Enquirer: 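Questions regarding the structure given below will be posed in turn.
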Amino acid sequence: MPQPRKIVITSALPYANGPIHLGHLVEYIQTDIWSRFQKMRGNECYYVCADDAHGTPIMLRAQAEGITPETLIARISEEHQQDFARFNIAFDQYHSTHSTENHYFATTIYERLKAKNHISRKTITQFYDPEKSMFLPDRFIKGTCPKCKATDQYGDNCEACGATYSPTDLIDPKSVVSGATPIEKETEHLFFELAHFEDELKTWTHKGHLQTQIANKLDEWFESGLRAWDISRDAPYFGFEIPGEKDKFFYVWLDAPIGYMASFKALCDRKGMDFDQYWGKDADTELYHFIGKDIIYFHALFWPAMLSGADFKTPNAIFSHGFLTVDGQKMSKSRGTFIMAKTYLDHLNPEYLRYYFAAKLNGRIDDIDLNLEDFAQRVNSDLIGKVVNIASRCAGFVVKKFDGKLCETWSPLALALYQSFIDKSEDIAGLYEKREYAQAMREIMGLADKANEYIDDTAPWVLAKDPEQQEALHESVSLGINLFRVLITYLAPVLPTTSAKSADFLQLSSLQWHDIEQPLVGHTITKFKPLMTRIEPESLTKMMDASKTDIAAQAPKEGNQNNEAEDLDPISDEIEFDDFAKIDLRIAKIVNAESVPKANKLIKLTLDIGLGERQVFAGIKSAYDPSELIGKHTVMVANLKPRKMRFGLSEGMVLAAGPGGKDLFLLNPDDGATPGMRVK
RNA sequence: GCCUCCUUAGCUCAGUUGGUUAGAGCACCCGACUCAUAAUCGGUAGGUCCUGUGUUCAAGUCACAGAGGAGGCACCA
């Protein structure tokens, strides 16, 4: 047998600002399956993770809840770990980026990089929120990408074209915290000189550490050039203070991936392992990061550069996966397709989802869809109908007729069939290794079909009636049980609970991959108890209904969660009456409305406000048909500075609420209000 | 209008560097069986591989154009 490999694997750290949902679970399940698979194969494998606990969103949310950030992250960590545990995600260590280990590695890496002149300092003009009296983090400014002119992009990199830049390069920036237009203010920041690593990274990204799709994407990023990465943030900030600086903190994205190391260090301390053997510069152990396709930039560029620059081992590979859709649609709170881990667990067995994801995952970065009808059918027929059924249909005979004991000798035919199952072992292992789980599941189910065919061919229920055939019967059902054991072993990485129950039933202390090379002969099993029950369609409807209410319950508590358009905005800062009085709101009658043909969001409104007519372009096409608007009364901001748009001059704005899309609701005054009346 | 990505059986997906009559599972229908969680086994049926044009001896696979879908952008002051 080959030497056991020494492997460290990670999943991306969930942000300590919201609940775990089914989208997260794609990654944790994918990683956990891989981890369990490696362990079953006899490799030394450590799966570590942590909460990503720093940054402005956490700070602001804690403020909003009137608690300290430490209290907040402790609570969220608890919630996250509960969800993970119930989904059987078996971390060897679950830690936090707000930990002494992480502080140590963050400062160590920083100091090493600094010593090698990879850290520079520049006084930059950064955006500052005058209402909140704070510098705005990259992700709290949105604006237009200077390269491709994509709007609504974050301050650090453009999701549309992949360009990187600094927030001041943004066109038309806005504070996400207060909505105010930020002012520019000078401050000194520290930078990690990514460009020093350009050659190294160009080589690294094409050495098989990344999926090809990703490596190609990175080439585009190389073309637009690597810029220094701003790694410091000014107070107030929830994070680690930078050594040798005053009121400067490490940017959350600097210490987040370092959290992988911190978590592993905590594991080493607990287990008496040598950290350097795994993370030292020349470590020959293996290191893999499972991540979503959205955070490739950090993991494929910054992270290897940081590690290399600080004399640590770089990852052997980064495994990216796609996003989850539910019934073909993006997970969305307003559509009710946003399913939290907790909600799922209230209604369904986690093994179902683990299997379904496994049945769909491959080694590429394609999105996967949770189709609820397919989900129920697939799980029921594959797992219950095929696999579990094999044990169920043989066990009765073994227990009743042979006192639970499997036969001692096998015919050549039986041996050959068993061997044909074992012959697949390395193929299936290879598929797991390549993260081609979908294909692995197909192979395993093909074998399950063969097992059922065998039972049918030998017809134990017929043999049972013939006293002459007891030996044949014994072999048939014993082989059936043995085949089941092989199948459940192959499935064990995916189905930890069911396989554990199966081990009980088979009276085996564990299910290791290579154990199946020896069939169970003369071995005694126990009475069969159902290992898994089928999915009731009603539980799916219940779960979907509950998702809608659970989200509603979550929403007020959530406060501002960046990145989620459906979330409620936080209440803005207090203003003086005078500030309010500046806004001249008027009742307006929509006298004409026409859609702007070349724009897919705009409707051109002609508004009567008593004192004349105004032309306003409103981005409400997704929710309203122009014809239904004509004649309606609404409210407009009458003294807003007119704005030249591509399609004409917009002389104000109409008031509407809602997250967007179809959920957009125009304000409508009560009967009696007439055009021109001031709203106050 | 522009950019990116999709489109193979009712559903979920395979289809290797272009190479015979395009595959699987599930669902459906028919039959068998009754050991098994109405599970299982056999069989039938089901596809203009989105459309069109082209390259080629040969196209699901390549190129171009178009349609439909998803996402992004121009605009939503």
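Fair warning: this is a prediction, and the values are worked out from it, not measured in the lab. Note on naming: letters A, B, ... go to the chains in the order of the sequence lines (proteins, then strands), and numbering restarts at 1 for each one.
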Enquirer: When rounded to the nearest Å, what value does the distance between C1' atoms of B/A9 and B/C5 take?
Expert: 24 Å
Enquirer: Any strand is fair game: report the nucleotide pairing with B/C2 by Watson-Crick or G-U wobble, both distances under 3.5 Å, or none.
Expert: B/G72
Enquirer: Taking atom P in both B/A24 and B/C41, compute the distance separating them and give it to the nearest angstrom.
Expert: 15 Å
Enquirer: Counting only side-chain nitrogens and oxygens, does A/Lys400 get under 4.0 Å of the OP1 or OP2 atom of B/C35?
Expert: no
Enquirer: Within the structure, does a side-chain N or O atom of A/Arg534 lie under 4.0 Å from either OP1 or OP2 of B/A39?
Expert: yes
Enquirer: What's the closest nucleotide to the side chain of A/Asp449 if the choices are B/U40, B/C41, B/U37?
Expert: B/C41
Enquirer: With respect to the phosphate group of B/C13, does any side-chain polar atom (N or O) of A/Lys360 fall under 4.0 Å of OP1 or OP2?
Expert: yes
Enquirer: With respect to the phosphate group of B/C11, does any side-chain polar atom (N or O) of A/Asn371 fall under 4.0 Å of OP1 or OP2?
Expert: no
Enquirer: What integer number of Å spans the C1' atoms of B/A63 and B/U21?
Expert: 28 Å
Enquirer: For atom C1', what is the distance between B/U7 and B/G60, given to the nearest Å?
Expert: 12 Å
Enquirer: Can you check the distance between B/C50 and B/G15, where both ends of the measurement are the P atom (answer in whole Å)?
Expert: 15 Å
Enquirer: So A/Phe402 and A/His474, would you call those rings parallel, tilted or perpendicular, with 30° and 60° as cut-offs?
Expert: parallel
Enquirer: Provide the distance between the two C1' atoms, one in B/G42 and one in B/U51, to the nearest whole Å.
Expert: 39 Å
Enquirer: Can you check the distance between B/G47 and B/C57, where both ends of the measurement are the C1' atom (answer in whole Å)?
Expert: 26 Å
